[in-house]
Amino acid sequence: MLAKAPRGTRDILPGEVEKWLALENIFRNLCEKFNYREIRTPIFEHTELFSRSVGEDTDIVGKEMYTFSDKGKRSLTLRPEGTASTVRAFLEHKMYAQAQPTRLFYFGPMFRYDRPQAGRYRQFHQLGAEAFGSASPEMDAEMITLAMDFFHGAGLKQLSLEINSVGCPQCRPAYREEIRKTLEQNRIDLCPDCQSRFDTNPLRILDCKEEGCREINLQAPEIFDHLCSYCVQHFEDVLYYLKLLDISCRVNSKLVRGLDYYTNTAFEIVDTGLGSQNSLGGGGRYDGLVETCGGSPTPGVGFAIGVERVLLSLEQQNIQLEFEEEPRIFVATLGPKASTRGLQLVMELRRRGIAAEKDYLDRSLKAQMKQADRVGASRVLILGEEELEKGRVVLRDMVKGDQKEVELEIIIDMLSNVH
RNA sequence: GUGAGUGUAGCUCAGGUGGUUAGAGCACCAGAUUGUGGCUCUGGGGGCCGUGGGUUCGAGUCCCAUCACUCACCCCA
């Protein structure tokens, strides 16, 4: 147990970390172009922040939160998603008093207690963005474009963008009632989950995957017939702008996201070839959330993307992320004097910005050469007692396989110029 | 929370119907010229056979439990 990461968590090892950095860089650069600024919020928050904003009746709050109380008896929760914290920070630091809209992005670990499976972890990582202060459908379109540009920047193809409108507090209650009315006589045929959803959140019945529920859902009223005129217009505008910006999408009137705070736009990006957990990201508009968290009414939109799933999708589609490997110099030495001089040499190289290393295990020259090969050294400096006496060093090119003697004094400058 | 599958060396896996000191490939270390990597050859170190219990003269192998991993359901990223 001591040497085992907890269930649903894992180490990101050297060799894989490079991919994470590459994705982070793609996202950071993109966000900069869109004028979004990075925010880093705590990894845990007051439990109430999540239960209030995400919604008491959601699966996340109901059964997936890592909640604990600290020594001061405060109930705290490891964040299961990023939007709530961002909203909290927006309010706490009165960002609404600055130039609007406020555009923010984040990157970091999230936590949900769930059975792990392919593409699902208890600690997973999301990169996401939020924009406060604009209810314009242009903002929705911008947000979706940012997400899609990220996927394209990472090299992903074959993604499907699904979009829907879930209405607003003006029209949703009536629609909710409409669903209840039409499904009432079939209520006992719904799955147990949907039976309780009937009371708590009948919209969620619509995207239930149970065969029986799906059949019953055929007679459910279409949401588009029940949106208020504002919501209809907003949705149509979003679709219009997306088309204008060359973002293709598929309207899915059954799409209902698992968080309660969404209003109007809801969207999800899925990789159809991925497997069971094929949702790479999702988001939507949440015009009531800031108010729910104690602020004055402020519209907002955002999305979150699952890093592990993006990585999985890249792997499955055989797409390599680009990252440069720095050429490396290995200093091989023979004898204690040369070893000491070699240590100086290595440090000088490093201070000149050249990646370098030497052997500390007192290994034979042969073993040092082997090691040089393994760490991917492009060149090896061989320094023995003989060379040391002559004030020279052997410079070996590991790719070509040839070598020559060079003055020890000029070797650093020489290599600095090459690199 | 529910279901199915799998746990043997660092990794990938062999080990018919229970029978002596548990194997291979790769990896690792050393050697094949007293100072030179990749290829080859030789040798070497490494295994509470997931854990606990049971059946048996005898269990890696059979039974039970437990834990872990994997996949799926649910839900989501």
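No experiment lies behind these values; they were computed from the predicted model shown.
- Residues meeting the ring-ring contact (aromatic ring centres under 6.0 Å, His included) test with A:Phe303, sequence neighbours left out: none.
- A:Ser276 has a side-chain polar atom (N or O) that falls below the 4.0 Å cut-off from OP1 or OP2 of B:C73.
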Checklist entry - Where do A:Phe27 and A:Phe107 land on the ring-ring contact (aromatic ring centres under 6.0 Å, His included) test, with the steps shown first? => result CA-CA 9 Å; A:Phe27 191 59; A:Phe107 173 86; 8.0 Å; no
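- Using a 4.0 Å heavy-atom distance criterion, A:Glu64 is classed as a sugar-phosphate-only contact.
- At a cut-off of 3.5 angstrom, counting only N and O atoms as typed in the model, there is a donor on one side and an acceptor on the other between the side-chain of A:Glu387 and the base of B:G35.
- Spacing of C1' atoms, B:C63 relative to B:C71, comes out at 26 Å, to the nearest Å.
- B:G54 and B:C76: their P atoms are spaced 47 Å apart (whole Å).
- Across all strands shown, nothing is found opposite B:C76 as a Watson-Crick or G-U wobble partner with both distances under 3.5 Å.
- Place A:Lys370 and A:Asp114 on RNA chain B by their nearest nucleotides, and A:Lys370 ends up nearer the 5' end.
- Base pairing of B:U33 is not made with any nucleotide, judged by Watson-Crick or G-U wobble geometry with both donor-acceptor distances under 3.5 Å.
- One finds no side-chain N or O of A:Arg328 lying less than 4.0 angstrom from the OP1 or OP2 phosphate oxygen of B:G37.
- In the displayed structure, A:Glu409 atom CD is contacted under 6.0 Å by at most 12 heavy atoms of other residues, nucleotides or ligands.
- Side-chain contact of A:Lys243 with A:Ser248: a donor-acceptor pair under 3.5 Å is absent, judged by distance alone.
- Spacing between B:U20 and B:G58 at atom P, rounded to whole Å, works out to 15 Å.
- A:Arg79 comes within contact range of no nucleotide atom at all, as no heavy-atom separation falls under 4.0 Å.
- Comparing the C1' positions of B:G16 and B:A72 gives an interatomic distance of 32 Å, to the nearest angstrom.
- Under the Watson-Crick and G-U wobble criteria, each requiring two contacts below 3.5 Å, nucleotide B:G38 is left unpaired.
- In terms of phosphate contacts, A:Lys366 brings a side-chain nitrogen or oxygen within less than 4.0 Å of OP1 or OP2 of B:G37.
- Of all nucleotides present, only B:C69 satisfies the Watson-Crick or G-U wobble test against B:G5, with each distance under 3.5 Å.
- Rounding to whole angstrom units, CG of residue A:Asp402 and C1' of B:G37 are separated by 14 Å.
- Between A:Gln117 and B:A72 there is a side-chain N or O to OP1 or OP2 distance below 4.0 Å.
- Here the separation of B:G15 from B:C75, taken at their P atoms, is 41 Å to the nearest Å.
- Counting any heavy atom pair closer than 4.0 Å across all strands shown, A:Gln371 reaches no nucleic acid atom.
- With a 6.0 Å radius and a threshold of 12 heavy atoms from other residues, nucleotides or ligands, A:Ile188 has its CD1 atom at or below the threshold.
- Using a 4.0 Å heavy-atom distance criterion, A:Arg122 is classed as making no nucleic acid contact.
- Across all strands, A:Ile305 comes closer than 4.0 Å to no nucleic acid atom at all (heavy-atom distances).
- Taking every side-chain heavy atom of A:Arg204 into account, B:C75 is the closest of B:C75, B:A77, B:A68.
- Of the C1' atoms belonging to B:A9 and B:C49, the separation is 10 Å, rounded to the nearest Å.
- With a 3.5 Å ceiling on both atom-pair distances, B:G45 lacks any Watson-Crick or G-U wobble partner.
- In this structure, A:Ala118 reaches the sugar-phosphate backbone alone: every heavy-atom distance under 4.0 Å involves primed, P, OP1 or OP2 atoms, never a base.
- Ion pairing between A:Glu16 and A:Arg10 holds under the 4.0 Å rule for side-chain N and carboxylate O.
- Across all strands shown, A:Arg10 has no heavy atoms under 4.0 Å from either base or sugar-phosphate atoms.
- In this structure, A:Lys63 places its NZ atom 8 Å from P of B:C75, rounding to the nearest Å.
- Remark: of the listed residues A:Glu387, A:Glu407, A:Glu386, A:Glu407 is the sole one forming a side-chain hydrogen bond (donor to acceptor under 3.5 Å, both in side chains) with A:Arg392.
- Remark: A:Arg115 is not in phosphate contact with B:C69, judged by side-chain N or O atoms under 4.0 Å from OP1 or OP2.
- Side-chain contact of A:Thr9 with A:Gln123: a donor-acceptor pair under 3.5 Å is absent, judged by distance alone.
- Nucleic acid contact class of A:Ile60 (heavy atoms, under 4.0 Å, all strands): none.
- A straight line from CG of A:Asp359 to C1' of B:U36 spans 14 Å, rounded to a whole angstrom.
- Checking A:Gln403 against A:Arg363, the closest nucleotide of RNA chain B that is more toward the 5' end is the one next to A:Arg363.
- Phosphate contact (OP1/OP2 of B:A72, side-chain N/O of A:Arg120, threshold under 4.0 Å): absent.
- Put simply, A:Arg7 has a side-chain N or O that comes within less than 4.0 Å of OP1 or OP2 on B:C69.
- When heavy atoms are screened at a 4.0 angstrom cut-off, A:Gly401 is found touching base atoms of the nucleic acid.
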Checklist entry - Run the side-chain contact (heavy atoms from CB on, under 4.5 Å) check on A:Met143 and A:Tyr36 step by step: do they pass? => result CA-CA 10 Å; A:Met143 195 54 82; A:Tyr36 284 66; 3.5 Å; yes
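- The side chain of A:Arg374 places an N or O atom within less than 4.0 Å of a non-bridging phosphate oxygen (OP1 or OP2) of B:C29.
- Rounded to whole Å, the separation between the P atoms of B:C29 and B:U61 comes to 34 Å.
- Rounded to whole Å, the distance from CG on A:Asn278 to C1' on B:C71 is 15 Å.
- Between the P atom of B:C75 and the CZ atom of A:Arg309 lies a distance of 13 Å, rounded to the nearest Å.
- Here, B:U2 and B:U21 have their P atoms 42 Å apart, quoted to the whole Å.
- Between the CG atom of A:Asp57 and the P atom of B:C76 there is a distance of 13 Å, rounded to whole Å.
- Nearest nucleotide to the A:Asp373 side chain, out of B:G37, B:C75, B:U36: B:G37.
- Distance A:Leu383 CG to B:U36 P: 16 Å, rounded to the nearest Å.
- The CG-P distance, from A:Leu334 to B:U34, rounds to 13 Å in whole Å.
- When both distances must be under 3.5 Å, the Watson-Crick or G-U wobble mate of B:G23 is B:C13.
- In the set B:A77, B:U36, B:A30, B:A30 carries the atom at the smallest distance from any side-chain atom of A:Ala367.
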